[in-house]
Peer 1: 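Handing you this structure, nothing more for now.
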Amino acid sequence: MTITERAGGGLILGGLPCIDIAKTFDCGQCFRFDPIDPPDGYAAAVRGVFDGRLLTFLQEEGVTDSLTVYGCDAGYAERVLPVFLGLDFDYDAAAADIFANVDAALGYEDGTIRRSAEAGCGIRILRQDPWETLISFIISANNNIPRIKKIIRDLCAAYGEPIYTDADGIPGNNARGDANTAPAYSFPAPEALRAAGIGGLAALKTGFRAKYIYDAACRVCGGELDLEAAAGLPTHELLSALQSVKGVGPKVASCIALFAYGRTDAFPVDVWIKRVLAKYYPEHICGASFGCHAGIAQQWLFYRERYINGGEK
DNA sequence: AGCCAGGACAAGT
DNA sequence: ACTTGTCATGGC
């Protein structure tokens with residue numbers, strides 16, 4: 001990866017493996033990034049908060065091996081962004097392994113996974129903060145993505161810390177119509193959500209999930225769930241540890257394992273994936289049929305069914 | 001009015 | 001070990 005300063009601000013990251021920022025940040029794995037109007041010369045732009053920073057990513061039309069980032073210095077970009085963006089992962093090798101596994105399980109060459117991989121080309125599984133991912137996917141239960149985003153936004157505004165937001169100077173409003181000068185907030189610390197109490201969390205329209213969020217905060221604060229130490233566990237033990245939190249079942253735990261801990265063997269099964277499996281695959285096909293990187297396959301299948309075939313918001 | 005939304009849980013077979 | 005009703009809330 002090369003890092004060069006861009007005239008007029010920002011850093012240009014070059015020599016990257018294939019990445020599409022529009023797909024990566026709008027494929028359902030994260031909830032705090034949104035598309036904004038791209039400035040002249042760019043085809044895609046997303047802005048959101050990660051690690052207490054407001055980051056803006058730009059990408060030019062047809063370019064997949066470089067991007068421009070605002071909101072951090074070169075040292076941070078060098079040290080943190082390759083991990084956050086999942087650049088340290090060989091998607092070509094994963095695709096070959098996935099194809100071989102599903103073909104073997106089916107007994108014929110699977111066109112569905114190949115078309116999905118093509119549609120999802122450039123999607124990178126992010127490595128998000130485990131605590132934020134835990135709470136975000138607790139909120140996702142029996143919920144829809146626009147409302148999940150709104151609840152998380154309200155949660156951050158109520159219990160997070162305000163952060164510096166004028167780092168990119170890119171004019172225009174984002175997709176929600178919010179001015180880009182609107183204050184942004186860090187994700188609330190476990191202590192802040194524990195202090196909020198079930199009542200304070202329910203006031204944000206979290207509904208039946210309020211007690212689950214509170215339980216997660218208490219367990220993390222009390223040390224019963226150590227999210228950093230959990231990184232050292234094998235995937236099945238990681239899933240068990242996560243499911244010790246009330247409101248965290250197999251699907252939510254798998255999302256945390258995949259989207260925060262980079263466990264590409266985790267295969268979250270939601271209503272969309274159930275739909276895909278029923279629609280394109282015989283009865284005996286399951287997550288394990290896609291091999292040790294089934295989570296990547298899951299994201300490709302999800303993306304194509306929901307954003308290409310489904311065509312809804 | 002009724003159903004659905006990136007589910008999980010408790011109670012009932 | 002499986003199936004069913006329930007849980008808040010908002011959009012359609």
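Every chain is numbered from 1, with letters handed out A, B, ... down the list of sequences.
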Peer 1: To the nearest Å, how far apart are A:F137 CZ and B:dG7 P?
Peer 2: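 Whole-Å distance recorded here is 10 Å.
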
Peer 1: Tell me which residues in residues 198-215 of chain A put a heavy atom below 4.0 Å from DNA chain C, sorted by number, or none.
Peer 2: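 Only A:K205, A:G207, A:F208, A:R209 qualify.
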
Peer 1: Report which part of the nucleic acid A:G247 touches: base, sugar-phosphate, or nothing (heavy-atom distance under 4.0 Å, all strands).
Peer 2: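 It contacts sugar-phosphate atoms only.
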
Peer 1: In whole angstrom, give the distance that lies between atom CD1 of A:I148 and atom P of C:dG10.
Peer 2: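 Going from A:I148 (CD1) to C:dG10 (P), I get 14 Å.
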
Peer 1: Over all strands shown, is A:V269 touching base, sugar-phosphate only, or nothing at heavy-atom distances under 4.0 angstrom?
Peer 2: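 No contact.
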
Peer 1: Flag yes if A:L11 and A:V63 sit in one hydrophobic cluster, no otherwise; membership is Ile, Leu, Val, Met, Phe, Trp, Tyr, and two members link when side-chain heavy atoms are under 4.5 Å apart.
Peer 2: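 The answer is no; the residues belong to distinct hydrophobic clusters.
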
Peer 1: With P as the reference atom in both, quote the distance from C:dC2 to B:dG6 in angstrom, rounded to an integer.
Peer 2: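 It comes out at 27 Å once rounded to the nearest Å.
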
Peer 1: Reckon A:F302 touches a base, only the sugar-phosphate, or nothing at all at heavy-atom distances under 4.0 Å?
Peer 2: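 Here A:F302 touches the bases of the nucleic acid.
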
Peer 1: Return the set of residues passing side chain to side chain contact (heavy atoms under 4.5 Å, CB included) with A:E61 (not counting sequence neighbours), or none when no residue passes.
Peer 2: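 If we apply the side chain to side chain contact (heavy atoms under 4.5 Å, CB included) test to A:E61, skipping adjacent residues, the hits are A:A43.
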
Peer 1: From CG of A:L242 over to C1' of B:dG7, roughly how many Å is that when rounded to an integer?
Peer 2: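 For the pair A:L242 CG and B:dG7 C1', the rounded distance is 15 Å.
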
Peer 1: Out of C:dA8, B:dG6, B:dA8, which has the shortest distance to the side chain of A:R147?
Peer 2: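 So the nucleotide nearest the side chain must be C:dA8.
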
Peer 1: Please classify the nucleic acid contact of A:Q299 as base, sugar-phosphate, or nothing, using heavy-atom distances under 4.0 Å.
Peer 2: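 Base contact - A:Q299 has a heavy atom under 4.0 Å of at least one base atom.
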
Peer 1: Roughly how many Å is it from CG in A:N144 to P in B:dC4, rounded to a whole number?
Peer 2: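 It works out to 14 Å between those atoms.
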
Peer 1: Figure out the CD1/P separation between A:I256 and B:dG7, and round it to whole Å.
Peer 2: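 Answer to the nearest Å: 14 Å.
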
Peer 1: For the side chain of A:E132 and the backbone of A:A260, is there at least one donor-acceptor N/O pair under 3.5 Å apart?
Peer 2: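 Not confirmed, A:E132 side chain does not pair with A:A260 backbone.
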
Peer 1: Can a salt bridge be assigned to the pair A:R219 and A:D215 using a cut-off of 4.0 Å between side-chain N and carboxylate O?
Peer 2: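 Yes, A:R219 and A:D215 are salt-bridged.
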
Peer 1: To the nearest Å, give me how far apart NZ (A:K274) and P (B:dA5) are.
Peer 2: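 Taking atom P of B:dA5 as the reference, NZ of A:K274 is at 11 Å.
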
Peer 1: Any cation-pi pair here, A:R32 with A:F187, using under 6.0 Å and within 45°?
Peer 2: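 That pair does not qualify as a cation-pi contact.
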
Peer 1: Let me know, please, whether A:V245 or A:C27 comes out on the 5' side of the other along DNA chain B by nearest nucleotide.
Peer 2: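 The answer here is A:C27.
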
Peer 1: Please report the distance, rounded to the nearest Å, between NZ in A:K150 and P in B:dG6.
Peer 2: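 Roughly 17 Å, once rounded to whole Å.
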
Peer 1: Please check: side-chain N/O of A:S186 versus main-chain N/O of A:E161, any donor-acceptor pairing under 3.5 Å?
Peer 2: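 Yes; judged by distance alone, with no hydrogens or angles, the pair exists.
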
Peer 1: With rounding to the closest Å, how many angstrom separate the P atoms on B:dA11 and C:dA8?
Peer 2: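 Rounded to whole Å, the distance is 15 Å.
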
Peer 1: For the residue pair A:Y70 / A:R47, report whether a side-chain donor-acceptor contact shorter than 3.5 Å exists.
Peer 2: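 Short answer, no.
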
Peer 1: C:dT9 P sits how many Å from A:N143 CG, rounded?
Peer 2: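 Rounding to the nearest Å, CG of A:N143 and P of C:dT9 are 12 Å apart.
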
